[in-house]
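Notes for the one structure printed next.
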Amino acid sequence: MSNVSNAELLRKAREEAKASKGYQRITALFDEGTFNEVDGLAKSGDGLAEVVAGYGLVADCPVYAFAQNSDVSGGAMSKAQAAKIKKVYDLAVKTGAPVVGIYDSIGGRLSEGADLLAAYGEILKSSAALSGVVPQISLVLGPCIGTSAMIAANADVIVMSEKAELTVSTGGLNASAEEAAKTGVCSIVAKTEEEAMEKVKDILVTLPSNNLSGAPAAEVAAVGAPCAVASSDAEDVIVAVADPDTFLELSASFGKAAVTGLAQISGASVGIVAYTGEIDADACAKAARFVRFCDAFSLPVVSFVNATEFASLREAVKLSNAYAEATCAKITVITGEAYGPVYIAVAGRGANADYTMAWTDAVVSPMAPAAAALFLHSEELKGAEKPVEARKALIEEYKKTEATPLSAAAQGYIEDVILPEETRDRVIANLAMLSSKRVSNLPKKHSNIQL
């Protein structure tokens, strides 16, 4: 008969658990001393379950998390691991707190057969049910392959360390973090685990806890002197409008014609989208998903538009639907060009924008100025001695006289014309005005958008 007490057995089990990689990773996520483990003694076969799960505080906000523990059977998925993860999801639903999943696993326990398939299915189902209710963030720090990759990619934001792997291919094809970023699956790639963890914390403090609560607010910056804007380039505009060092870009390597990210403007959390040039298919898909993400948690969307056309009809329709259906506050600033379908889909009434402004030198036109000028003034080109120069002059004349923001404002297509240096203050004022926005859509299960 053993003389070892239950208390001693418990103490030993806790010491072993705390020394594992999974435990160290999950405790690094939370404010010091706030982590509380859930099902810490759950067994998988003869050993402990291959995941550490629990809850704690991040910047004093409740968060649930699980971390696959590669020190236990390589973190292989099992029925016991799935049960622990599902419990985290269930608790998150009940309490309305975000979920962070930390992935590092060699695969699944094949010896469990059908139980393993059911385990994967339960997690996928729970994650899908939680989507749009609380923010879900995946932190991939090791291998995440096959069905596990589908679970991780189902989150709202996916952060990877440079050495991590993420792919649905069980053979590990195209698994690098760089590849995942290029294809738009990974939102942020960090050089180290520590940097990746900090990115996750930055995201958590920017987002609301759930779809019924407001986003956390930082100390409010005063509306003051005009803010200089270096140019209409997306980066320059965002730097000038967002609070210093708060813009966190997402999916930077994918769909580069659209810049998307989270930021704070006068202390308020917002989503920012900036369009440049021709908006290609990847940029449309990236922006559409981001707008829907912001709308799910009622984050205002501030759009900066300097774009001429779409490259893909299907993806343009997807983006247009995302804007039109979103009921969150939507503010648009036309910083350069906004022609025809682009204006309609992301800037004006077709985008269901609440307030649209344009810079004084912006160009707003129902079609590209080159086509519009020729359509309206083709007679003037007949018999011109220098048709190329005459055509250019007509286009410039159309831009200066008929495609001006003042003309668009006079016809009610935009709400205001502003100076570039007024952009930040005007955005702040509009965010304050729209902070109490309430809209109810027609009852339906969901829209049927192009996917």
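The residues of the chain are indexed from 1 along the displayed sequence.
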Would you call [X]-[Y] a salt bridge at under 4.0 Å N-O?
| X | Y | value |
| --- | --- | --- |
| D90 | K86 | yes |
| D104 | R25 | yes |
| E122 | K125 | yes |

Fill in: Any donor-acceptor pair under 3.5 Å from S126 side chain to I123 backbone
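Not at all, since once roles are kept as given, no pair shorter than 3.5 Å links the two residues.
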Practice prompt. Measure centre to centre between the rings of F35 and Y23, then say whether the value is under 6.0 Å.
Written response: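 Yes, they do, as the ring centres are separated by less than 6.0 Å.
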Discussion item. For Y55 and T95: C-alpha separation, side-chain torsions, deciding distance, then whether side-chain contact (heavy atoms from CB on, under 4.5 Å) applies.
Written reply: CA-CA 11 Å; Y55 60 93; T95 59; over 6 Å; no
Discussion item. Once salt bridge (Lys or Arg N to Asp or Glu O under 4.0 Å) is applied, what residue pairs with a partner in residues 302-329 remain, sequence neighbours excluded?
Written reply: R292-E325, E315-K318, E325-K444
Worksheet item: Which pairs pass salt bridge (Lys or Arg N to Asp or Glu O under 4.0 Å) with one or both residues in residues 198-214, sequence neighbours excluded?
Response: E198-K201
Distance-only polar pair, side chains of [X] and [Y], donor-acceptor under 3.5 Å:
| X | Y | result |
| --- | --- | --- |
| D236 | S231 | yes |
| E50 | S78 | yes |
| N306 | T276 | no |

Nearest 0.5 Å, please: how far is [atom2] in [Y] from [atom1] in [X]?
| X | Y | atom1 | atom2 | answer |
| --- | --- | --- | --- | --- |
| I106 | S73 | CD1 | OG | 7.5 Å |
| Y339 | I334 | OH | CD1 | 11.0 Å |
| S161 | I188 | OG | CD1 | 13.0 Å |

Worksheet entry | Sequence neighbours excluded - ring-ring contact (aromatic ring centres under 6.0 Å, His included) pairs with any residue from residues 269-307 |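 For residues 269-307, and leaving out neighbouring residues, the ring-ring contact (aromatic ring centres under 6.0 Å, His included) pairs sorted by first residue read F293-F297.
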Response to the item:
The complete set of ring-ring contact (aromatic ring centres under 6.0 Å, His included) pairs with one or both residues in residues 312-336, sequence neighbours excluded, reads none
Worksheet item: Parallel, tilted or perpendicular: which fits the ring planes of F66 and Y89, with parallel below 30° and perpendicular above 60°?
Response: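 The rings of F66 and Y89 stand perpendicular, inter-plane angle above 60°.
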Fill in: For L434, all residues meeting side chain to side chain contact (heavy atoms under 4.5 Å, CB included), sequence neighbours excluded
A329, I331, D354
Item to complete: Go through the structure and list residues passing side chain to side chain contact (heavy atoms under 4.5 Å, CB included) with Q411, not counting sequence neighbours.
Response: S407, Y413
Discussion item. Please determine whether salt bridge (charged side-chain N to carboxylate O under 4.0 Å, His left out) holds for the pair K286 and D282, giving the CA-CA distance in whole Å, both sets of side-chain angles, and the decisive distance to 0.1 Å.
Written reply: CA-CA 6 Å; K286 166 182 170 179; D282 287 348; over 6 Å; no
Worksheet item: After noting the C-alpha distance and the side-chain angles of S176 and E165, does the key distance pass the side chain to side chain donor-acceptor pair (under 3.5 Å) rule?
Response: CA-CA 5 Å; S176 70; E165 298 176 300; over 6 Å; no
